[in-house]
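Accompanying notes for the structure given below.
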Amino acid sequence: SSTLQFQHKLPAPTEKHLPTPRFRTFACSRDGHLLIGGGRNRNIFVWNLQSATLVRSIQLPPSVRQVNHIEVVWNGPETRSQLAAVLCDDGVLRFIDVHSCKLLTEFGGETQIVDQFTTCPNGRYLVTIMSSGAVELHHLKEVLYGPEEKVKITVVKHKREHGFKRNSEKITQRPPIQTVREDKLAIILQGYGEYPQKYRKYIWRQLLQLPENLEAYNNILNKNTHGAFRKLHEDYPLKSRKMLRIFHRVLSAIAHWAPLFAELDYFPQLAFPVIKYLENNPFMAMEVIMTIVTNWCQQWFDFFPKPPINILNMVENLLAQHDSNLFKHFHTNKITVQTYAWPLLQTLFSEVLTDSEWVVVWDNLFSQHPSFMYFVVIAYLQHSRASLLKCTLIKDFDFFFHNKNPVDIHKIIKVAYRLAKSTPKELDPKYMLDGFEPLTQGQYPIFNKYPKYVVNYELKERERIRNEEVQFLAERALAAEARTQAESFRLAEEAWHQQQEFILQAEKERRKRLQEEDKKLEEQRKRVAALRREQQIAELQALQRSREHFMERQMMAQEADILRMDDELKRKMQLRDSETQQVIDDSNSAEFQTNFQELRNFMKEEMEREIESHKVPHPVQRAENIDRPDSSASGRASPERTSKKRDIHGSSKQNNPGFDDARQHVSFDFPVPDADSKDTGAPTESARSGFGTSYSNVLRDVIKLRKKLAQDARNPKQSGRMSF
């Protein structure tokens with residue numbers, strides 16, 4: 001949909017016998033009617049997109065655990081059946097008819113494991129990437145229905161004037177390939193000096209006639225890693241882990257093919273440039289190295305483990321033939337052929353040339369006789385003769401032949417071709433070495449062109465050394481374990497002693513700290529005691545101040561009470577005097593005088609009786625002002641009252657001598673109505689009520705006086721002056 005809107009949701013399989021799909025891949029048919037999906041189980045599911053329903057579930061063979069990739073194959077417009085190409089985890093590509101649920105064919109297997117695949121939109125071709133790294137192109141109909149006829153066109157050399165003759169034969173191993181005529185390749189190489197970068201690997205495969213023995217290659221890879229290259233990563237630490245893994249795999253495979261290369265110390269240096277250039281195709285890299293070893297390294301291993309003396313003598317003779325001055329310079333400075341030629345050969349020129357220069361050299365070497373490589377060595381020496389003639393020290397020569405130097409590789413190749421043409425027959429290596437022989441089809445050839453007894457001896461020695469090394473490693477492991485245990489015991493003992501010293505030191509520190517704490521505690525106690533004494537003193541001072549303040553307040557309160565009582569007494573006396581005076585003034589009746597006189601006499605007698613009975617030893621506070629009217633308010637007293645008053649006092653004094661002292665302080669002066677008063681009639685109502693009030697007040701005061709006198713008589717020490 002162009003709007004990217006949600007259309008519908010497809011139902012997931014809900015059957016109990018089916019495991020959870022966990023889909024990984026989907027494919028849609030060309031007409032858009034079907035959707036096929038698979039995942040982490042051995043079932044594929046088909047949905048109808050028009051009805052949004054699950055149509056069917058197809059179960060794959062038991063060897064399948066999951067589905068990696070699915071594609072719908074175009075089967076033509078005339079057929080209604082839909083073919084699904086299903087790649088599973090076992091490396092087998094299966095073609096299934098979705099409608100009939102039938103398995104049509106299988107592609108791949110144990111020897112040909114398919115990693116990835118794709119089909120063209122018109123359904124004509126199938127492209128697969130195999131586990132070996134090979135990319136294969138197949139006709140899809142031949143894969144589905146079988147090949148009708150397989151014919152291989154090859155190029156066979158016939159020495160004729162008009163070129164080559166075509167011949168045909170049936171194929172047994174490889175699918176049909178198209179070759180390029182060698183005369184055309186020679187023209188390209190002669191014109192450009194190298195092959196096109198895009199087709200170089202294809203041309204190398206054709207020139208070397210690689211057999212592509214995949215089954216034999218897989219059989220070699222199935223063997224374990226060769227023991228000679230277990231420490232390859234230590235001797236050749238490469239940055240790329242992928243490159244190191246491929247390097248290790250190819251070297252182990254070649255060592256299993258020929259045991260000599262497990263003992264050859266410079267073999268990794270010889271194989272590395274080829275493996276580096278063919279990094280993405282280790283299968284081709286292994287066959288290229290085998291071809292180089294069997295053709296371009298002829299007679300290299302006749303004097304193993306020594307360098308090939310015969311080949312180096314051949315190179316020395318060529319140098320002496322074509323550049324005698326340089327040869328004399330090497331001889332004068334005692335530089336042997338092992339110094340200036342063998343480093344170039346054993347690394348296949350990779351140490352002195354860059355990658356682009358190296359492939360140019362091998363484009364020409366693969367197109368010529370194997371002996372042409374030695375002319376390239378002489379051409380390189382002649383091209384660099386100006387620098388070499390200036391060198392006189394061995395270390396300078398070693399540095400020159402183990403490092404890359406700026407050269408013009410095309411000039412070197414031209415010089416090599418010129419030297420090959422101008423070399424006399426008795427010195428030409430072409431007549432001393434065999435021609436090119438490709439690897440055999442089906443199985444790789446046996447490589448035994450080396451002294452077997454030396455290699456066998458080396459193998460035995462290596463095995464013996466390996467066993468001794470294993471034994472030594474075991475003994476060293478035991479010794480290391482014992483040393484480790486002894487070291488651990490020593491460390492444990494030292495740790496224990498350190499711990500004990502630490503404990504003793506800690507105990508001393510704790511004791512010292514406890515003593516310091518005791519001193520601090522004692523000082524703190526002293527400070528606390530001093531603070532407590534100061535606090536107690538402060539509290540006592542505060543208590544004393546509070547007590548003094550309280551006493552002052554009490555005294556002030558008492559003084560205030562006395563003043564208040566004095567004021568109240570004065571007020572009451574004034575009120576009483578005023579009322580008494582009013583009563584006296586208002587009442588002049590004989591009855592009032594008689595009652596008042598009787599009451600006065602009665603009170604006098606009672607007082608005298610009380611005083612007589614208690615014998616008061618101390619004076620009583622003056623109460624003379626009680627009920628005594630002021631001179632201004634009392635009016636004029638009659639002579640009779642005055643005389644009566646003297647008689648009472650006199651008689652009391654005679655009866656009780658102490659009474660006279662008390663009389664000085666206590667006197668009862670009751671207001672008596674004046675006989676000369678003008679009001680001689682009976683008193684009015686107001687005078688009676690006023691008299692009654694004054695009478696009750698006088699009676700209450702008399703009772704209070706009696707109680708006070710009785711209390712003073714009981715407590716003579718606490719008695720004091722009384723005030724009213």
Side-chain angles (χ1 to χ4, degrees), residues 132-133 217-290 292-293 297 300-301 303-308 338 342-351 355 398 401-403 444 447 450-484:
S132 61
Y217 173 72
N218 291 330
N219 293 334
I220 294 176
L221 289 183
N222 291 334
K223 296 181 180 180
N224 297 328
T225 303
H226 202 281
F229 303 106
R230 290 178 180 175
K231 297 182 179 180
L232 184 66
H233 61 281
E234 298 178 1
D235 298 333
Y236 299 93
L238 301 177
K239 293 182 179 180
S240 174
R241 297 182 62 86
K242 176 185 176 183
M243 183 63 197
L244 180 62
R245 185 172 61 253
I246 296 173
F247 191 37
H248 194 277
R249 184 192 306 171
V250 175
L251 292 181
S252 296
I254 297 177
H256 285 300
W257 169 63
L260 168 68
F261 300 108
E263 310 299 328
L264 204 62
D265 54 351
Y266 61 86
F267 180 67
Q269 302 175 13
L270 184 145
F272 178 75
V274 180
I275 298 173
K276 181 181 179 182
Y277 180 68
L278 301 173
E279 178 181 1
N280 296 324
N281 194 348
F283 177 40
M284 181 180 175
M286 188 193 75
E287 291 191 343
V288 170
I289 294 172
M290 288 180 177
I292 292 175
V293 167
C297 297
W300 279 25
F301 315 110
F303 300 93
F304 176 81
K306 300 292 183 178
Q338 296 184 13
W342 184 233
L344 303 180
L345 295 174
Q346 68 180 358
T347 60
L348 301 182
F349 303 98
S350 61
E351 278 191 345
D355 295 343
D398 290 336
F401 291 108
H402 287 87
N403 291 276
Y444 296 114
F447 186 80
Y450 57 89
K452 300 179 183 60
Y453 66 94
V454 176
V455 175
N456 294 334
Y457 176 76
E458 291 287 338
L459 290 175
K460 291 180 181 179
E461 285 296 315
R462 184 181 293 275
E463 187 66 23
R464 182 183 62 81
I465 293 172
R466 185 179 294 112
N467 294 333
E468 291 180 357
E469 183 179 1
V470 171
Q471 185 178 2
F472 171 73
L473 291 175
E475 293 177 356
R476 188 173 67 177
L478 293 175
E481 184 178 0
R483 187 166 55 253
T484 304

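Values in this document were obtained by computation on a predicted structure and should not be read as measured data. Hydrogens, waters and symmetry mates play no part in the numbers below; they use all other heavy atoms, side chains included. Numbering of residues begins at 1 and proceeds along the displayed sequence.
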task: Kindly determine whether Asn280 and Lys242 satisfy side chain to side chain contact (heavy atoms under 4.5 Å, CB included), including the steps that lead there.
output: CA-CA 10 Å; Asn280 296 324; Lys242 176 185 176 183; 3.3 Å; yes
- request: Mind checking the OH-CE spacing from Tyr236 to Met243? Nearest 0.5 Å is all I need.
  value: 12.5 Å
- line: Tightest non-hydrogen contact, residues Ile246 and Glu279, listed as CD1-O, 3.1 Å
task: Determine the minimum heavy-atom distance between Gln269 and Pro273, stating which atoms define it.
output: O-CD, 3.3 Å
field: Heavy-atom side-chain proximity of Leu473 to Arg476 below 4.5 angstrom
entry: yes
- prompt: Looking at CG of Asp265 and CG of Asp235, how far apart are the two atoms once the value is rounded to the nearest 0.5 Å?
  reply: 10.5 Å
- prompt: Hey, what do you get for CD1 (Ile289) to CD1 (Ile254), rounding to the nearest 0.5 Å?
  reply: 4.0 Å
message: Please verify the inter-ring angle class for Tyr266 with Trp300; under 30° counts as parallel, over 60° as perpendicular, anything in between as tilted.
response: tilted
query: What pair of heavy atoms forms the shortest contact from Met286 to Tyr217, and how long is it?
result: CE-CD1, 3.4 Å
- request: Work out which heavy atom in Leu270 is nearest to a heavy atom in Cys297; give both atom names and the distance.
  value: CD1-SG, 4.2 Å
- request: Rounded to the nearest 0.5 Å, what's the gap from NE2 on His256 to CG on Asn219? Could you check?
  value: 12.0 Å
query: For the residue pair Phe301 and Phe267, is the inter-centroid distance of their aromatic rings smaller than 6.0 Å?
result: no
task: Give me the ring orientation class for Phe247 and Phe272: parallel if the planes are under 30° apart, tilted from 30 to 60°, perpendicular past 60°.
output: perpendicular
statement: Nearest heavy-atom approach of Pro268 to Phe229 is CG-CE2, 4.3 Å
task: Answer whether the closest heavy-atom distance between the side chains of Phe261 and Val293 falls below 4.5 Å.
output: yes
field: Nearest-0.5 Å distance that lies between atom CD1 in Ile275 and atom CE in Met284
entry: 13.0 Å
Contacts of Glu481 that satisfy side-chain contact (heavy atoms from CB on, under 4.5 Å) - sequence neighbours left out: Leu478, Gln485
field: Residues forming a side-chain contact (heavy atoms from CB on, under 4.5 Å) with Gln338, sequence neighbours excluded
entry: Pro307, Leu312, Thr336
message: Looking at every non-hydrogen atom in both residues, tell me the closest pair between Val274 and Ala285 and how far apart they are.
response: CG1-O, 4.0 Å
task: Please lay out, stage by stage, how Glu351 and Phe401 fare under the test side chain to side chain contact (heavy atoms under 4.5 Å, CB included).
output: CA-CA 8 Å; Glu351 278 191 345; Phe401 291 108; over 6 Å; no
task: Look up atom CD1 in Ile220 and atom OG in Ser252, then write down how far apart they are to the nearest 0.5 Å.
output: 11.0 Å
